[in-house]
Amino acid sequence: MNSSLVFLFGAVIMAGLGSTLVWLLSRPRKQSVDPDEFRRTLRNLNSDQHPGAHSSSAVRMIGDDESGKTGGSA
């Protein structure tokens, strides 16, 4: 077998083992047993804002305004 192929296979195997090791070490240690935890987290994040309040980046609907109309005909 060619030495470059051996090097390539070795690199692929080492990358796979390294990825597996990083995945094993970085995953959460304890799984959540409460199915409603995500919903409570979203509600807590939303409770920081007042009901009906929007952020400054929210889209606003602009109604028909007399000052916005032009007098030209089509």
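Worth saying up front: this structure is predicted, and the values here are computed from it rather than measured.
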List for me each residue that meets side-chain hydrogen bond (donor to acceptor under 3.5 Å, both in side chains) alongside Arg27, sequence neighbours excluded, and say none if there are none.
none

N/O donor-acceptor pairs under 3.5 Å from side chains in residues 1-21, not counting sequence neighbours:
from  : atom 1 : to    : atom 2 : distance (Å)
Asn2  : ND2    : Ser4  : OG     : 3.3
Ser19 : OG     : Ala15 : O      : 2.9
Thr20 : OG1    : Gly16 : O      : 2.8

Got a second to check how far Arg40's CZ is from Leu45's CG, nearest 0.5 Å?
13.0 Å

